[in-house]
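This is a predicted model, so every value here is computed, not measured.
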Amino acid sequence: MRALALGVIGLCSVLGLVGCSTSGTDAPEGSGALAEPGGPAAGTRDTDSEPTTLTVLAPASLTEAFTELATQYESLYPQVRIDLSFGSSTTLAQQVAEGVQADLFASAGTDALALLPERYARGGGETTIASNELEIAVELGNPRGITGLEDFTRTDLDTVLCVQTAPCGTAADEAFRAAGLTPTPVSREIDVKATLAKVSLGEADAALVYRSDVVTSTAVDGVTIPTEHNVSLTYPLVWFNAEPHTIGFVDLITGPDGRAALEAAGFAAP
Amino acid sequence: MMTDAAQSRQRDGVPAFRRRLAGSRAPLLTLATLGMALVVLPLLGLIARTDWPGLLTHLRAPVVWPAIRLSLITTLITLGLAMLLGTPLAWLLSRATGRLATWMRALLTVPVVLPPVVGGVALLLAYGRNGLVGAPVFDALGLRIPFTPLAVVLAQLFVSLPFYVLAVEGAMRSVDPRFDHVAATLGASPTRVFLRVGLPLAAPGIAAGAALAWARALGEFGATITFAGNLTGRTQTAPLAVYVALQSDPQAAIALSIAMLAVSIAVLGLLRGRWMG
């Protein structure tokens, strides 16, 4: 635990991450609290032993990573409880705008940030924690020998894409435009999970989804898309105050353990 | 102590009792009004938010016409198949008394209570490329059922056929079996009894069942999107188009909803006027 905490501090000082540097006087103390996990050792402030609840809103794609990180943080600080709420980024941002109390908000893509009220910037901060990109999901072992985006123009294959109104559908159209291709899908599914399911159920030969969806599914294999035709999506993390544990959890997410959890879920570094 | 007669005389004579009777209707009226409002308010909302002057323009949005055409074609095929297969089934069930018939009725009720999405998954596992029936069909004929208009019809049949059979069976059961016996003793075959006795006498029930089944097929969403997918002009029926358009072109979605509402009311009105008096 100590190694972890030192690692976090090290990362903060080396990279000068927003979470460690922008939040005024509280930030170093928050990080300091991390170095003395839970114990009554010197330097621990009164507030650290008081029961605290952190409310964290995050997109569904971060479910596994954030659940693991919250458990880690709660075991470091038993007096802290982290309430996680997962959903569509747009819905969560609308909830914040309508007055739902939250300490942290992570979003898939930057579009939802525009929905946050102006006041979020006061006393908090923002950073990018991960990025995601499109990848082709194929049946295990790639039996149809799919190699790239051009296979989506073949009529002898059953390929599926997200509907144009879903973020993954917009990204797919962008990728095909960049590659100068006109895809011939048999269906445009209503969201990314429905699109992936058509391949994992064996009903379609290929689907264009996000890399994290491919990595976390045991029922499909992935075929990567060359960077020049790919479309990436960044995951911003916003925090609304500079309370020690808010900053502490931000530090954990942006630190090596956070990176490892996000990488395991298929996300690339920002 | 009073006798019953005396008690009732006293009640009749007391105006307060009448007031209480009138007053006791208020809770019923309140609940009934609330129930009616729950049904009518969303329809009013739809009508109020429609851009009437621009309705024709919105109806020309590229998503609208292919969806309406596909919905009309597939639901009419579904209705035809439901009547062709469902009427004999309803007739046999209405004349059966055994345990098998009880089980068949219970099975037919399943799609009625099943969430349509679950129905879609079940259809995929039956008719999909790896499905129980779908795999041998795909291997033998190279015919892939999901993502085709045929899948749309199968999804609609799955949810609407039970409605039809259960409604028609009810109507046929009320046809006195003595008519069948008389026809049979006069030498009519079972098929002839069905055609000449069962069908004409149950006609109003058949019309009601058909209307119900057609409306159910027209509104089918969950099983279709899960099993048939969503592709404009091929598997995107009107309800799917409404759902998708709502996120990009809300006025087109509303216009399409109004069109569906109008078509539904027109067909139900037509059926009612023609067969149900």
*Asks:* When rounded to the nearest 0.5 angstrom, what distance separates OG1 in A/Thr159 from CZ in B/Phe147?
*Replies:*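 It is 9.5 Å, given to the nearest 0.5 Å.
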*Asks:* Between B/Arg129 and A/Asp205, is any pair of side-chain heavy atoms under 4.5 Å apart?
*Replies:*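 Counting from C-beta outward, B/Arg129 and A/Asp205 do come under 4.5 Å.
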*Asks:* Is A/Lys198 reaching over with its side chain to a backbone N or O of B/Thr226, donor-acceptor style, under 3.5 angstrom?
*Replies:*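 Flag set: sc A/Lys198 to bb B/Thr226 pair under 3.5 Å.
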*Asks:* Sort A/Leu201 into side chain, backbone, both or neither according to what part of it lies under 4.5 angstrom from a heavy atom of chain B.
*Replies:*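 Both backbone and side chain.
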*Asks:* Using only atom types and a distance under 3.5 Å, with no angle test, would you say the side chain of A/Ser187 pairs donor to acceptor with the backbone of B/Asn230?
*Replies:*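 Yes; judged by distance alone, with no hydrogens or angles, the pair exists.
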*Asks:* Does atom CH2 of B/Trp103 have more than 12 heavy-atom neighbours, drawn from other residues, nucleotides or ligands, at distances under 6.0 Å?
*Replies:*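 Atom CH2 in B/Trp103 is not packed in, count stays at 12 or less.
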*Asks:* At a heavy-atom separation under 4.5 Å, does B/Tyr243 approach chain A through its side chain, its backbone, both, or neither?
*Replies:*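 Side chain of B/Tyr243 only, per the 4.5 Å heavy-atom cut-off to chain A.
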*Asks:* With a 4.5 Å heavy-atom cut-off, do B/Leu231 and A/Val186 have their side chains touching?
*Replies:*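 Contact flag for B/Leu231/A/Val186 side chains = no.
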*Asks:* Name all residues meeting the side chain to side chain donor-acceptor pair (under 3.5 Å) criterion together with B/His58; count only those two or more places apart in sequence or in a different chain, and write none if there are none.
*Replies:*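 Side chain to side chain donor-acceptor pair (under 3.5 Å) check on B/His58 returns B/Asp51.
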*Asks:* Would you say that more than 12 heavy atoms from the other residues, nucleotides or ligands in this model lie under 6.0 Å from the OH of B/Tyr127, or not?
*Replies:*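 No, not enclosed.
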*Asks:* Which bit of B/Leu240 comes within less than 4.5 Å of chain A, counting heavy atoms only: side chain, backbone, both or neither?
*Replies:*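 Contact with chain A involves no heavy atom of B/Leu240 at all.
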*Asks:* What are the two closest heavy atoms between A/Glu203 and B/Pro146, and how far apart are they?
*Replies:*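 Closest approach of A/Glu203 to B/Pro146: OE1-CG, 3.4 Å.
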*Asks:* Quick one: of B/Gly229, B/Ala245, B/Gly131, who has the most non-hydrogen atom pairs under 4.5 Å with chain A?
*Replies:*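 Top option by heavy-atom pairs under 4.5 Å: B/Gly229.
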